[in-house]
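The sequence lines fix the lettering, A, B, ..., with proteins before strands; numbering per chain opens at 1.
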Amino acid sequence: MSVDPLIMERVVGDVVDPFTKLVSLRVFYNNRLVVNGTELRPSAIAARPRVDFGGDDFREFYTLVMVDPDAPTPANPTLREYLHWLVTDIPASTSADFGRELICYENPRPISGIHRMVFVLFRQLGRDTVYSPNMRQNFNTREFATQYNLGSPVAAVYFNCQRDSGTGGRRIRPENY
Amino acid sequence: MWPPKQHKNTTNKVISSSASSSSPKNMEEVWKDITLTNITTSHQTPLLQDFLSGSFKPPPPPSNNSGTSKNAAIDVNSINGNMGLLYTVAGFQLSFNKPGLEMKTYDQQQPNNGGRADRRRKRMIKNRESAARSRARKKAYTEELELEVAELVKENEKLRREHAEMRLRMTGQFPIKATLQRCATAPF
């Protein structure tokens, strides 16, 4: 019995509620497709990714949210979620470049721990219906979606990110506390 | 013998948290719940680890003020009988304080030792959560890869079939020209 990786990593749960994937969402960093759970270091994700997605009607507009639910550290995520990128009014079946970047892309630079970085795609009710929040930290994707009538997500992708000099979750020497 | 209410509380939480990798949030909530109940019921509650290592710090009975009671004697049978239960509550605090229970005095722990045990305990919880997260991460990634592989294999088969079909159809259509042809921009 296989469980959706999004549920296993608790992306569904911490960031969004269970949803059905309706639209294909593909995120590329340096022409490399992001697979759920893949590891990318800050140096690889310094520039904003290319985001392609499906959908059939050009008259439909989508919102893309990129959050870090493990900020500042996964053991104690007091800033959950940290908003790294917000693009709205993206026409269907195009890419994020065609949308309006409300919150500009900020290169994730986790200091401690291995963070999940989540992309969530929503379908908007209409054009120009989504507005920018005040702060990046303590963003709440669920509330944001209810506030702007975005409904359930139509797609989501996540990857793992730790600082460039991180040891990949493995300790080289046992720490003496 | 032991207050049944408190035991039910802690064991239920243990069962829910020890079942497969629980999310850090649940663990934290559970931890907060337990520390809250302990704060309300007793001052210093002994650690399972400390208890098992022999240096047991008896909690003061509620009638006296803290730190001065030395006239309690532990009912040895009750402790032995409940060891099985104690073992299942690894890492969590248990409140031993029951009104009317007599306790023998063991070596009193110094405040520094108590602080150290505190930190050790916290560290253990954090480590456990981190390990659980690691396991979930690993599982999720391998699951994702397996799904991808299945998808790609399917797509591959489909494309191969289509390609073979198309090949059959195309053989008769366009005769391949074997000769080179000169175009208008040729130099000679």
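Residue-environment remark: CE (B/Met166) stays at or below the threshold of 12 foreign heavy atoms within 6.0 Å. The number of heavy-atom neighbours closer than 6.0 Å to CG of A/Leu22, taken from other residues, nucleotides and ligands shown, is above 12. Atom CZ of A/Arg109 has 12 or fewer heavy atoms from other residues, nucleotides or ligands within 6.0 Å. Counting heavy atoms of neighbouring residues, nucleotides and ligands inside a 6.0 Å radius, atom CG of A/Asp17 exceeds 12 of them. Within 6.0 Å of CG on A/Asp56 lie no more than 12 heavy atoms contributed by other residues, nucleotides or ligands.
Among all heavy-atom pairs drawn from A/Pro5 and B/Ala140, the shortest one is CB-O, 3.5 Å.
Rounding to the nearest 0.5 Å gives a distance of 8.5 Å between CZ of A/Arg116 and CZ of B/Arg133. Between A/Met8 atom CE and B/Arg137 atom CZ the span is 14.0 Å, to the nearest 0.5 Å. To the nearest 0.5 Å, atoms OG1 (A/Thr73) and NZ (B/Lys126) are separated by 6.5 Å. Interatomic distance, A/Asn160 CG to B/Lys138 NZ, rounded to the nearest 0.5 Å: 13.5 Å.
With a 4.5 angstrom heavy-atom cutoff, A/Tyr158 touches chain B only via side-chain atoms.
For the set A/Ile7, A/Val35, A/Leu6, the entry with the most heavy-atom pairs within less than 4.5 Å of chain B is A/Val35.
Looking at heavy atoms from C-beta onward, A/Asn36 lies out of side-chain contact with B/Tyr141 at the 4.5 angstrom threshold.
Screening residues 153-164 of chain B for side-chain hydrogen bond (donor to acceptor under 3.5 Å, both in side chains) gives no qualifying pairs among residues at least two apart or on separate chains.
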